[in-house]
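Report on the structure given below.
In the text below, chain A, chain B and the rest are named by the order of the sequence lines, each starting its count at 1. None of these values were measured; they are calculated from a predicted model.
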Amino acid sequence: MDFGTMMGMLLSGYRISIIIFAVTLVGSIPLGMLVALGRLSKFKPLSLLMQLFISVLRGTPLMLQMFAVSFMPYYVFGLKTDANFPMIAVLISFVINYAAYFAEIYRSGIQSIPRGQYEAAEVLGYSSRQTFQRIVLPQVVKRVLPAMGNEVVTLVKDTSLAFSLGVLEMFTQARAIVTSQRTMAAFAVAALIYWVTCLIIEYVMRHIEKRLDYYHD
Amino acid sequence: MDFGTMMGMLLSGYRISIIIFAVTLVGSIPLGMLVALGRLSKFKPLSLLMQLFISVLRGTPLMLQMFAVSFMPYYVFGLKTDANFPMIAVLISFVINYAAYFAEIYRSGIQSIPRGQYEAAEVLGYSSRQTFQRIVLPQVVKRVLPAMGNEVVTLVKDTSLAFSLGVLEMFTQARAIVTSQRTMAAFAVAALIYWVTCLIIEYVMRHIEKRLDYYHD
Amino acid sequence: GNSGATSSSAGSSSASTSSFDGNFVLGFDQDFPPYGYVGDDGSYTGFDIDLAQAVCDREGWKLVPTPISWDAKDTLLNSGQITCIWNGFTIEGREDGYAFTDPYMENRQVVVVPASSDVQQLSDLAGKNVITQADSAALDVLSEGGSQEELGKSFGNLQTIDNYNTAFMMLESGQVDAIAIDYPVAVFNIGDKTSEFRILDENLNSEHFGVGFAKTDDGAQLAKTVEADLQALDSEGTAKELCEKYADQGVSYDLWCLPKA
Amino acid sequence: MTNAEKHDARASRHQIPVPDASVSQILGLPAVYVKGARKSFSGREVLHDVSLSIARGEVVSVIGPSGAGKSTLLRCLTLLDTFDAGELYYGSLRVTEQDENGRASYSKDASAKARMQFGIVFQNYNLFPHFTVMRNVCDAPIAVQGRDPAKVEEEAKQILERLGLSEHAEKVPNQLSGGQQQRVAIARALAMHPKVLYFDEATSALDPRLTADMRRIIRELAADGMAIGTVTHEMGFARDVSDRVAFLLDGRIVEEGPADEVMDNPTDARVREFLATAED
Amino acid sequence: MTNAEKHDARASRHQIPVPDASVSQILGLPAVYVKGARKSFSGREVLHDVSLSIARGEVVSVIGPSGAGKSTLLRCLTLLDTFDAGELYYGSLRVTEQDENGRASYSKDASAKARMQFGIVFQNYNLFPHFTVMRNVCDAPIAVQGRDPAKVEEEAKQILERLGLSEHAEKVPNQLSGGQQQRVAIARALAMHPKVLYFDEATSALDPRLTADMRRIIRELAADGMAIGTVTHEMGFARDVSDRVAFLLDGRIVEEGPADEVMDNPTDARVREFLATAED
Ligand SMILES: Nc1ncnc2c1ncn2[C@@H]1O[C@H](COP(=O)(O)OP(=O)(O)OP(=O)(O)O)[C@@H](O)[C@H]1O
Ligand SMILES: Nc1ncnc2c1ncn2[C@@H]1O[C@H](COP(=O)(O)OP(=O)(O)OP(=O)(O)O)[C@@H](O)[C@H]1O
Ligand SMILES: [Mg+2]
Ligand SMILES: [Mg+2]
């Protein structure tokens, strides 16, 4: 196999990886916030439910969650699914799973905002919603950024799990090349592509960190 | 296959998973701290080196890192390795990989300690080492706990990657049973065992969080 | 290696090379019944493993069945961490990479569809979603350079998966239309659900299994030794017995193809 | 108990009209009124039966030694903490109800309404670190009161001008000196047009000139009808700025009355002693 | 310039012996001495050519309006920030060297030695939140100075007693009132036996009685030979506690001299004006 063919295969897989990555971020970043807010809610049943949600989704392998999402419609509800469904199942599972991880990070960030900030907002008459959106959230963003970095970088590589449902992302392409070509070269290239992706993420993160550096408390 | 046999296999795999889990924690928690301190060092070359270390280890798949550690002795140095080596390679890779993730969490925790604390310690004459050990670290522990929770819970499940080097941990056992028995039961049981493990971890984490709740800033 | 390695005829002598210490480390994919998998009692079983055990019994070797990650098989073999790959291991297309024994078993690749499917023959698969295992012989046959390349191109989509168990679930739930698979593996996975799945009469191809060793002098020598042992097992009837043992999982002595000694 | 008697006697000198639902529409009610307030921390009662009121246009200072409960009282008045027992009114608005165990219970609705009536300048300011000075001042009037942004900003500029902060309008709090931060906190509270304005240590970070300014500003606000409550340990400031002073000691108001009267002729021996040390 | 002249004239009234390596062993050197100090923040110079010294046993207060640079000066004196230019001595220890560009350079070694000579009570205390009051006070003497834990604790108990904190010894800072926290910070600094002790707003959270105590304690410490530097906006306190007062205005010491002299008869018009508003 020549280098061009190999790169072609890897990059076609990379496209899928990036789609999973992007959709997961776009979906789980806000969803995680809702989960975190539910988790911190004073309405006990909601809080406990969210605690259970977080616990189960963090506590069981993502691969099994994908199986559950993918095969539940047929095995539980008797609904036939089609060829597009595995990708949809992958995306749903990833979004939900990462929302659970993000929720825990948000929770710690929200709890770390000094009480004085809430008190000032309360006295000024901000509603809980306004307090959250205007006072808490912008400060939380700054605080959770490093922990988010870890998860986002993990997500890049977790996209390889999509193969469990037959979705051909980059790592699986690399694996196929490795087994058929009997050299680890494709893995090395894949690792490089992952790394470059993570470097870009790190760069973006650092950029945001810098932009938020205009203040400290 | 009867239920007892299945549980026997899963639990023998679980033993391996737990060993990987425990050794990784014991090794990477302190190692990550050293990396974080190197990363924050004012000695630029060390700081850059640690940045590279973190970037590469977070940026490339753990599976490939295991391959590298496992096959390096033979392919690079021509040393034959023995049957125990895969497990050793797994442990080394896990410790190093998780140290990189922990380092980033520590870094954010260390950076979040208010400047006033460093200033008070500086004026009182604490050495950097004392400032770190007595003033900063105890406060960092409280701050990083939630983010650590995410990583520790991920680690439980990442132990399944050990199979890449032929180490038979629980998830691989479950997969083998699923294949031969043609039912997902073993996966469900494995998921349950993972979840219970994570519940225990969450419980321990919450316990530590509570113990550190005697103060807030 | 040395020239005295033609001990294949007697079948009782062990390989006298420095790197082989009598521990016959058999690398296999435990997700590949009926050749190698986890038995009901939790120990490794399967047609190939039983066969290897018989060989080791003859040679006085110790059989060490070692499940491996398929990704690492070449690296493990080359670095000596496993002695051979013996696991319904197709020779065709791999001749250059391994020191193989002569083929001992014929295999065919077939297509499984749901019983209710309108697919009756291979040509009906045009435009359908077909799935197969990553790095499988079936995939090789259907992709570029394979003997059924044209058929593969006619599919709507040729997907891969890491585990046939999942593939069957996908077939059942409608996410794919057909599975390209080794015949015995198909029989194993269909099990008693014969009313739900159907194997097309038309084969994709036929090919051969061998035992793969590292492509070194030592490897070639071991391959010869094992080959001779297999011939001996065939002549004493053990091979036939084993085939019958796994008959309900799609193995048949009709497919045994190792030339007599 | 003699002290209690003296206290009662003193309190009766300044009879406060007790609010009552039937007269809730009548003007002349105190802007804030608390009666029989109690508060404990983990079993230790730090406020015992505290009663206090501030009328429109009046400046009342709570003074007393460290740990007396001044900040606690202020936190409860601003609904950041809750009294265990007692009645709290903002104008005609009853904030606490008494439940069957005699404990104070707070309704959400009344609390929310009450919050629109007061502002507070915190001892440690609690500015929003991610907002510029301008945004700190303008955000709540715009977002909470829905006022016209342009007008709010115009007014904010005037307030900042008056507090000598014009050149810092675009800085963030951590770029300001202590005194500058405190003045931003004052500006933020004023921009909300509160009926009652509380200060926790009004002048703790202000130099004498700014302290004098503050006194003038407070008097002006009071003249415009605002009720001002301050907690302070600066006796000079308390005397100068206040119409009335309440002396809090170990969680009890042991003396209360016109500033000069209480500070020049305290009836309670402990108050005398406290003020004496403060002067020598 | 007239102001500069006046300043020079005033400074010469209190001639400070300029430290010199050859006389470094001679007693009578000021405990801290800074000359020609400059400091800019992002291009804006907030300290211009500031010189100041505090002798052993002397209490010197820096006063001046908000934003004058008082906290900045204190931060640089305590090596939390660095002067851009100028000479800084602690006793005979020269802390800054002048580099070829005329900028001040700090050696690690000298800085470390200097730190053993001073303590500071921060305006916002900076207590260690995870330590109890007792541990806040005892940790540094034991860990940094290697003193005997039992003796340190004994002494800490006395200090806490003196500051009225005995009953709070086992609390953590966030369970204390503002004044209590500030006193813990004072106790923490005293336990280190500094030769120079700085206060940023010594009394900002203290009630009059505690302020009086503080004044007494500071005088006692000075009588024992400690050099005390305070930054304060309370003129009364500055006058009462200080031997000498330096008036900082827009980053310049425009007037300096004995407390009564400067505060009763300031020569600089702006100081006069500032003090006048503070008194009316
Ligand atoms: N969260 C708390 N837990 C336990 N005790 C508390 C808490 N908050 C305050 N206290 C105690 O309640 C008492 C009153 O505290 P408060 O802060 O109201 O005093 P203060 O009058 O404002 O004093 P200062 O002038 O020093 O600020 C103090 O003894 C204090 O230690
Ligand atoms: N980090 C910084 N960046 C920019 N400007 C600063 C910074 N720190 C202080 N300043 C500015 O330097 C000047 C002096 O500040 P400093 O805190 O020394 O004043 P101060 O005399 O202590 O005032 P106060 O009595 O209000 O505490 C102020 O104008 C302030 O805005
Ligand atoms: Mg207070
Ligand atoms: Mg200041």
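- With rounding to the nearest 0.5 Å, the separation of CZ in B:Phe67 from OG in C:Ser69 is 5.0 Å.
- Chain C is approached within less than 4.5 Å, heavy atom to heavy atom, by no residue from residues 93-113 of chain B.
- Residue with the most contacts toward chain B among C:Thr75, C:Thr45, C:Ile68, C:Asp29: C:Thr75 (heavy-atom pairs, distance under 4.5 Å).
- At a threshold of 4.5 Å between non-hydrogen side-chain atoms, the residues C:Gln30 and B:Thr172 count as touching.
- No part of B:Pro73 comes within reach of chain C, as not one of its non-hydrogen atoms sits under 4.5 angstrom from that chain.
- If you measure heavy-atom distances from B:Met184 to chain C, the contacts under 4.5 Å come from the side chain alone.
- Counting heavy-atom pairs closer than 4.5 Å to chain B, the top-ranked of the candidates C:Ile82, C:Asp31, C:Asp41 is C:Asp31.
- Of the possible polar contacts, one joining the B:Ser180 side chain to the C:Val38 backbone as a donor-acceptor pair under 3.5 Å is found.
- Side-chain atoms of B:Thr5 and C:Asp40, non-hydrogen and from C-beta on, never get closer than 4.5 Å to each other.
- With a 4.5 Å cut-off on non-hydrogen atoms, C:Asn163 touches chain B through its side chain but not through its backbone.
- For B:Phe163, the parts lying under 4.5 angstrom from a heavy atom of chain C are both the backbone and the side chain.
- Across C:Asn165, C:Thr166, C:Leu76, the residue that shares the most heavy-atom pairs under 4.5 angstrom with chain B is C:Asn165.
- Both the backbone and the side chain of C:Phe188 come within less than 4.5 Å of a heavy atom of chain B.
- Between B:Leu168 and C:Pro67, the closest side-chain pair of non-hydrogen atoms falls below 4.5 Å.
- Annotation: B:Arg206, atom CZ; neighbour count of heavy atoms from other residues, nucleotides and ligands within 6.0 Å is above 12.
- There is no contact between C:Thr66 and chain B, counting heavy-atom distances below 4.5 Å.
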